[in-house]
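In this text, all values refer to a predicted model and were calculated from it rather than measured experimentally.
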Amino acid sequence: MIRVSAALDAALLSRLPVELRPKVEAELTRLEIENKLLKEELRLMRIEKYGPKSERLSDGQLALLESEPAVSAGEIETEADRTEGEKRDVGQPGKRRHPGRTELPAHLPRIERILTCTAEQCRCGACGAETRVIGYDISEELDVKPAEYLVRVTKREKRACPRCEEGGVIAAPLPAKIVEKGKLSNAVVVDVILKKYRDHTPLYRQSAILERDCGVEISRATLCNGVMMAGGWLEAIRNELRADLLAGTYIQADETPIGVQTPEKTGGNHRGYLWQYSRPGGPVVFDFQMGRGREGPRRFLGNFGGHLQSDGYSAYDKIGGEGIVFMGCMTHARRGFIDALKINPKESRATEIVEGIGALYAVEAHARETGMSAAERLALRQQKSVPLLDELKSKIIAARQQALPQSALGKACNYALGQWERLIVYAGNGDVEICNNLCENSMRGPVLGRKNWLHFGSEDAGPRIAAIMSVMETCRRLGINEREYLNEVLPKIPTWSANRVAELTPMAWQAARAAA
């Protein structure tokens with residue numbers, strides 16, 4: 001039992017009748033526990049509000065920030081550094097050494113400009129003779145030429161037979177277009193897609209930039225039509241990526257909310273979800289759903305019977321086919337203990353557990369840096385990771401016995417132990433990862449995007465946008481230039497045979513270029 005303040009405890013209880021003391025003492029203990037848990041929640045909320053730098057601030061410093069209506073990130077950083085600065089010699093500001101000037105990329109074109117000396121400099125200051133050029137001082141700077149838009153005029157040659165009218169008139173065939181009869185070229189449509197889903201620039205802002213910088217008036221509706229048309233064509237590629245993913249034996253999964261405009265809900269957005277399924281070194285597939293229920297992953301995964309890695313969300317349970325193996329994510333388990341350290345940096349039990357998880361990641365780093373095969377990585381895990389996992393579990397069990405169940409440390413222990421059988425699956429398979437980090441990294445695009453373009457315009461737009469994101473994220477993961485890929489592949493899809501779409505996936509495109 002947690003004891004309340006000793007002096008106050010004794011003073012209060014001594015004045016009460018003996019029969020009331022146990023009840024009062026129990027109530028005081030309950031209130032103290034509740035107060036401690038509320039303080040933990042408040043600290044975590046403030047850290048989330050003021051950013052990672054605020055983790056180094058005390059509760060008192062965080063409380064002072066609350067009284068500042070417009071505190072800036074720089075002020076928070078200054079305040080955070082001040083706590084460590086007291087330990088540092090004032091005369092040693094600890095500035096990082098400048099790494100030196102980096103070279104500009106060699107693949108950029110060079111345009112030389114020669115600056116000649118003035119007439120006075122062409123004469124020797126001592127004897128008056130004409131000086132001669134003995135060399136140059138050379139410097140380089142990055143320059144820019146603003147985007148240049150042009151109107152491409154296409155003249156289709158028409159032919160007719162001069163001898164007979166029966167042959168009629170024929171015209172040269174038009175090249176394939178993403179938007180048939182549209183005013184935007186294929187290159188412009190691709191550029192709009194990249195600016196929205198790679199650079200997160202909303203369509204209304206793109207339209208305004210075109211008019212401001214180039215004097216070109218293109219409505220947001222026209223841009224949107226081009227993007228949606230492209231997304232419709234890319235759904236065929238996305239379906240092939242899904243087939244490739246399900247044909248494998250390992251899938252990582254995660255989900256994130258996304259706002260969706262619907263006629264049924266006015267004054268706000270419906271809360272839809274983008275589910276992401278991927279394989280390290282392979283395809284990334286986004287699946288749009290209007291909800292977060294189990295039906296979405298069940299329909300997407302079908303009878304998949306390999307390893308499925310995710311966080312502890314229950315929607316991933318009881319799905320897939322016969323033989324499916326559910327895996328946990330060590331990073332998710334670690335986060336709870338990191339939260340406990342944010343609340344109390346001196347929490348030794350959480351520190352030991354975080355260090356234990358760090359030792360597991362060190363094993364993974366060694367395997368990656370030495371280029372181990374799956375079999376070699378499995379042998380290393382059996383030798384190094386299994387004993388570390390046993391030791392880590394013992395530490396978590398011991399910490400849970402001493403922590404309040406609803407405290408940050410208690411919750412972290414309960415989550416880790418509840419997921420334990422799934423967390424240790426990776427140690428018995430050299431083909432899978434210790435965590436879901438790759439999958440979560442692929443979620444950064446949608447998360448950054450929704451802060452800029454805010455929502456999907458309709459439920460019907462969801463699958464098309466998911467197709468665009470699937471193709472672009474797969475290209476990014478494989479190191480493919482998205483612009484080159486989309487410029488070459490997108491115009492082909494409208495006239496491409498349905499049973500040959502697999503030839504247009506990013507993996508097939510990359511393999512074909514490598515072979516060529």
Counterpart residues, side chain to side chain donor-acceptor pair (under 3.5 Å), relative to Asp431 (two or more places apart): none
Applying side chain to side chain donor-acceptor pair (under 3.5 Å) to Glu352 and not counting sequence neighbours gives none
Heavy atoms, side chains only, cut-off 4.5 Å: are [X] and [Y] in contact?
X: Pro446; Y: Ile258; answer: no
X: Leu108; Y: Leu142; answer: yes
X: Cys439; Y: Ile251; answer: no
X: Met228; Y: Asn225; answer: no
X: Leu380; Y: His366; answer: yes
X: Arg220; Y: Pro202; answer: no
X: Val190; Y: Arg483; answer: yes
X: Leu104; Y: Arg110; answer: yes

Residues at least two apart in sequence or cross-chain that pass salt bridge (Lys or Arg N to Asp or Glu O under 4.0 Å) with Glu376, listed by chain then number, are none
If the condition is salt bridge (Lys or Arg N to Asp or Glu O under 4.0 Å), which residues does Arg279 pass it with, not counting sequence neighbours? Asp244
Looking at Arg335 and Asp339, is any side-chain nitrogen of the basic one under 4.0 Å from a carboxylate oxygen of the acidic one? no
Charged N to carboxylate O under 4.0 angstrom, Glu433 versus Arg377? yes
Kindly compute the distance separating [atom1] ([X]) from [atom2] ([Y]), expressed to the nearest 0.5 Å.
X: Phe286; Y: Thr474; atom1: CZ; atom2: OG1; result: 8.5 Å
X: Ser310; Y: Tyr277; atom1: OG; atom2: OH; result: 10.0 Å
X: Ile468; Y: Leu490; atom1: CD1; atom2: CG; result: 8.5 Å
X: Met229; Y: Cys224; atom1: CE; atom2: SG; result: 11.0 Å
X: Asn429; Y: Met327; atom1: CG; atom2: CE; result: 7.0 Å
X: Arg450; Y: Leu274; atom1: CZ; atom2: CG; result: 9.0 Å

Do you know which of Ile465, Leu504, Ile493, Leu241 makes side-chain contact (heavy atoms from CB on, under 4.5 Å) with Leu234? Ile493
Please list all pairs meeting salt bridge (Lys or Arg N to Asp or Glu O under 4.0 Å) that have one or both residues in residues 503-516, counting only residues at least two apart or in different chains. Glu484-Arg513, Arg500-Glu503
Where [X] and [Y] come nearest, the two heavy atoms and their spacing:
X: His200; Y: Gly445; answer: CE1-O, 3.4 Å
X: Arg271; Y: Pro257; answer: NH2-CG, 3.5 Å
X: Gly226; Y: Val189; answer: O-CG1, 3.7 Å
X: Pro283; Y: Met507; answer: CB-CE, 4.2 Å
X: Arg205; Y: Asn452; answer: NH1-OD1, 4.1 Å
X: Ala230; Y: Ile193; answer: CB-CD1, 3.5 Å

Side chain of [X], backbone of [Y]: donor and acceptor closer than 3.5 Å?
X: Asn436; Y: Ala253; value: yes
X: Asn344; Y: Ala340; value: no
X: Lys158; Y: Val169; value: no
X: Gln206; Y: Thr201; value: yes

Are side-chain N/O atoms of [X] and [Y] paired as donor and acceptor at under 3.5 Å?
X: Ser139; Y: Glu141; value: no
X: Gln252; Y: Asp254; value: no
X: Glu473; Y: Ser442; value: yes
X: Ser458; Y: Asp460; value: no
X: Ser185; Y: Arg152; value: no

Trace of the salt bridge (Lys or Arg N to Asp or Glu O under 4.0 Å) decision for Arg349 with Glu347: CA-CA 6 Å; Arg349 294 164 296 182; Glu347 174 56 72; 2.8 Å; yes
For the residue pair Trp275 and Tyr273, categorise the inter-ring angle as parallel (less than 30°), tilted (30 to 60°) or perpendicular (more than 60°). tilted
Could you go through Val354 and Arg334, starting from their C-alpha distance and side-chain angles, then the distance that decides it, and tell me whether this counts as side-chain contact (heavy atoms from CB on, under 4.5 Å)? CA-CA 7 Å; Val354 170; Arg334 180 179 179 273; 4.1 Å; yes
Which pairs, with at least one residue in residues 454-473 and sequence neighbours excluded, count as a ring-ring contact (aromatic ring centres under 6.0 Å, His included)? Phe288-Phe456, Trp453-Phe456
